[in-house]
Every structure is written in structure tokens, then in C-alpha cells.
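Residues: numbered from 1 along the sequence shown. This is a predicted model, so every value here is computed, not measured.
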Amino acid sequence: MKNWFARIWHGLKTTLIGLSITVPYLFRKPYTLQYPEEVPDIPETERGLHNFEIDKCIACYQCAKICPVDCIAIEDEIKGKNAVLLKFEIDYTKCLFCALCCEPCPTECILMGPTFDLVGYTRDEVIIDYADRENPRTWSAGEQIPYPIASFARK
């Protein structure tokens, strides 16, 4: 009988502890953003999509070698200061956003940027070729990436 009362008391005590954490949230103002119209504040230390400067790249392959998930694919014609990149693709379906690719770059042509949203209807839409000269992919701080779902956003 004593053990039964102890279990009842323990159940009530743990329930009250849980409610003491949960109940204050009932009286707080909800924190909801109507995304994509309202954009959350992103800290400066956030590691978003890469900023890549194709003119500075010397095709040394250091970023591709150090990538732990092998999400960077590079093709070039010439190496060195006159490097001609044919392809510099980053597969964001694999990317961990670990910033390891930025550290070994001798020319600092690849950096982590502040842009965080990249969505698409297919997996091919999140594989970005930064060397595509017809459709260059460079974004400055605070600039939003044009993406297909934006056309369906609530007005």
C-alpha cells in the first residue's frame, strides 16, 4: 500500500513539474512569421549558401578535396591564375554547411554567405553551378534568392 501512494505522489509531482514549464507559454504572445513576406533575423555567424568569386579561383581543387561529403564538383581547362572553370557545382542536397571548404582556399574565393533559403521542386534545382556564366549565382548580404515558391506566397 505504501508503494502505491509513493507511485501516485511521484506521478503527480512529475506532472506538476511538466505543467510548470508548459503553462507560461499559454500566456505569451505567439512568435510566428508569415514567411516569405517576413524574414527572420539571421545572426552574422550563420553559415548559409556559399559566395563564390569565379574570377579569383585558381582551380586548385582544395575545397573539393577537403569536403567531407564530396558535394563539390570542379571541371577546368587551365589551372593557376588564368584558370578557366567549366563547372563549379555544389550539391546542396549533400552539403553540411560545415565551412571546411573555405579554410584551405589560398585565394579566399569561396566563403559562406548569409543567404539561407534555397528551395525547389526537384533535387536538380538545389545543385548550383557557380561557373555558369549565362546564369551567374552571386548574392550579397540580405538579398533573397529568387525561388519558384515565391510566386505562390500569400499576399
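- Residues passing the salt bridge (charged side-chain N to carboxylate O under 4.0 Å, His left out) test with E75 are K87, sequence neighbours excluded.
- F97 and I66 are not part of a single hydrophobic cluster, where members link through side-chain heavy atoms under 4.5 Å apart.
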Checklist entry - Passes side-chain contact (heavy atoms from CB on, under 4.5 Å), F88 versus I110? Steps please. => result CA-CA 11 Å; F88 189 93; I110 185 168; 3.9 Å; yes
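- Aromatic rings of H50 and Y92 (six-membered ring for Trp) have centroids within the 6.0 Å cut-off, being under it.
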Next on the checklist: Pair I74, C63 - check side-chain contact (heavy atoms from CB on, under 4.5 Å), show working.
Outcome noted: CA-CA 10 Å; I74 303 173; C63 55; 3.8 Å; yes
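- Within the 4.5 Å cutoff, side-chain heavy atoms of L86 are placed close to those of E77.
- Evaluation of the side-chain hydrogen bond (donor to acceptor under 3.5 Å, both in side chains) rule for K65 yields no partner, not counting sequence neighbours.
- Contact between A83 and C57 at its shortest, heavy atoms only, is CB-O, 3.6 Å.
- Residues meeting the side-chain hydrogen bond (donor to acceptor under 3.5 Å, both in side chains) test with D91, sequence neighbours left out: T93.
- Grouping Ile, Leu, Val, Met, Phe, Trp and Tyr residues whose side-chain heavy atoms lie under 4.5 Å apart, directly or via other members, places L19 in a hydrophobic cluster with V23, L26, F27.
- Under the rule for a side-chain contact (heavy atoms from CB on, under 4.5 Å), the partners of I58 that lie at least two apart in sequence or sit in another chain are C60, P106, T107.
- Using a 4.5 Å heavy-atom cutoff, the side chains of V69 and C95 are not in contact.
- We find the CZ-SG distance between F52 and C102 to be 11.0 Å, quoted to the nearest 0.5 Å.
- When hydrophobic clusters are built by joining Ile, Leu, Val, Met, Phe, Trp and Tyr residues whose side-chain heavy atoms come closer than 4.5 Å, directly or via intermediates, L49 is not grouped with L96.
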Next on the checklist: Please evaluate residues V84 and D76 with respect to the criterion side-chain contact (heavy atoms from CB on, under 4.5 Å), reporting the C-alpha separation (whole Å), side-chain torsions for both, the decisive distance (0.1 Å), and the verdict.
Outcome noted: CA-CA 6 Å; V84 177; D76 63 342; over 6 Å; no
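- Note: C105 SG to L111 CG = 8.0 Å, rounded to the nearest 0.5 Å.
- Put simply, CG on D55 and SG on C109 are 10.0 Å apart, with the number rounded to the nearest 0.5 Å.
- Taken from CD in E108 to CD in E53, the straight-line distance is 9.5 Å, to the nearest 0.5 Å.
- Here the shortest heavy-atom pairing between I17 and S20 reads O-OG, 2.6 Å.
- Across every non-hydrogen atom of A64 and I72, the tightest pair is CB-O, 3.9 Å.
- By the 6.0 Å contact criterion, CD on E38 is enclosed, its count of non-hydrogen atoms from other residues, nucleotides or ligands being greater than 12.
- Remark: K94 pairs with no residue by the salt bridge (charged side-chain N to carboxylate O under 4.0 Å, His left out) rule, at least two apart or across chains.
- Nearest approach of M112 to R47, heavy atoms of both residues: CE-CB, 3.9 Å.
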Next on the checklist: side-chain contact (heavy atoms from CB on, under 4.5 Å), that's the test. Do N3 and F5 meet it? Break it down for me.
Outcome noted: CA-CA 6 Å; N3 192 14; F5 285 116; over 6 Å; no
